[in-house]
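Below is one structure, written out as structure tokens; comments come after it.
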Amino acid sequence: MTDIFVHPTSEVAVALEVNGNHVHTTVPAHRTLLDMLRDDLGLPGTKRCCAEGECGACSVLLDGELVNSCLVLGAEADGGVLLTIEGLSMDGVTDLQAEFLAAGAVQCGVCIPGQVMAAEQLLRTNPDASRDEIRDVMSGNLCRCASYQRIVEAIQAAAVGRRSDA
Ligand code: FES
Ligand code: FES
């Protein structure tokens, strides 16, 4: 007979970089990265919406990749480098955020941090993205206020601005 030990509330030690800060903490093994950010690390900018990987509201960059933080365990982020909306805008409103505001893309705002993180990743990896490419990449980020056209316009405007600054 095998002895089985179950520790449903066991804590896992994690060390990671969050928005340029070294964070050392423990997290319940089952806790998502989203909950860890919001509830443990005091970073509520990342939004909890569907909590099942469908809406993109919880988007963050982990090791340079866009992830839905509701689908990642906090323990899985151990050793990682994390960027959230708070880190992105720690020096103030970014050019991209300014374009979202100028385009009138921010309605209720629930989806916006995730939209901005996804758009930022897009601009970093494909600064010359076409309108269709933008729409395709951003299709993983839902907006119940249906600001889609304005969001695409904001991303295009930010891309133009960055090209002219380059
Ligand atoms: S809250 Fe994570 S995808 Fe919707
Ligand atoms: S601005 Fe309201 S959900 Fe997108």
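Ligands are counted one by one from 1 in listed order, and the atoms in each one are counted from 1 as well.
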Under 4.0 Å from a heavy atom of G53: which atoms of ligand 1 are those, numbered in the order shown and with their elements? 3 (S)
Salt bridge or not for R131 and D136, using N-O below 4.0 Å? no
Taking it one step at a time, do L66 and V60 satisfy side chain to side chain contact (heavy atoms under 4.5 Å, CB included)? CA-CA 6 Å; L66 189 72; V60 297; over 6 Å; no
Do NZ/NE/NH1/NH2 and the carboxylate oxygens of R162 and E120 come within less than 4.0 Å? yes
In the structure I gave you, are the side-chain heavy atoms of R124 and L61 within less than 4.5 Å of one another anywhere? yes
Which of the protein's N, O or S atoms come within less than 2.8 Å of atom 2 (Fe) of ligand 2, not counting waters? C108 SG, C145 SG
Using a strict cut-off of 4.0 Å, indicate which atoms of ligand 1 neighbour a heavy atom of E54. 3 (S)
Applying a heavy-atom cut-off of 4.0 Å, say which part of C55 lies close to ligand 1: side chain, backbone, both or neither. both
Side-chain donor/acceptor pairs under 3.5 Å, residues 12-22, sequence neighbours excluded:
| unit_1 | atom_1 | unit_2 | atom_2 | d |
| --- | --- | --- | --- | --- |
| N19 | OD1 | T84 | N | 2.8 |
| N19 | OD1 | T84 | OG1 | 3.4 |
| N19 | ND2 | T84 | OG1 | 2.9 |

Salt bridge present between D39 and R31 (N-O < 4.0 angstrom): no
Decide side chain to side chain contact (heavy atoms under 4.5 Å, CB included) for L41 and M36; before the verdict, give the C-alpha distance in whole Å, the side-chain angles of both, and the deciding distance to 0.1 Å. CA-CA 6 Å; L41 302 184; M36 186 177 96; 4.1 Å; yes
Could you confirm whether C50 has any N/O/S atom lying under 2.8 Å from atom 4 (Fe) of ligand 1? yes
Within the structure provided, determine whether S59 and N141 are in side-chain contact (heavy-atom separation under 4.5 Å). yes
Ligand-side contact atoms (ligand 1) for residue partner A51, heavy atom cut-off under 4.0 Å: 1 (S), 4 (Fe)
Which ligand 1 atoms are under 4.0 Å away from a heavy-atom of C58? 1 (S), 2 (Fe), 3 (S)
Please identify which atoms of ligand 1 are closer than 4.0 Å to at least one heavy atom of C70. 1 (S), 2 (Fe), 3 (S)
Would you call Y148 and L142 a side-chain contact if the rule is heavy atoms closer than 4.5 Å? yes
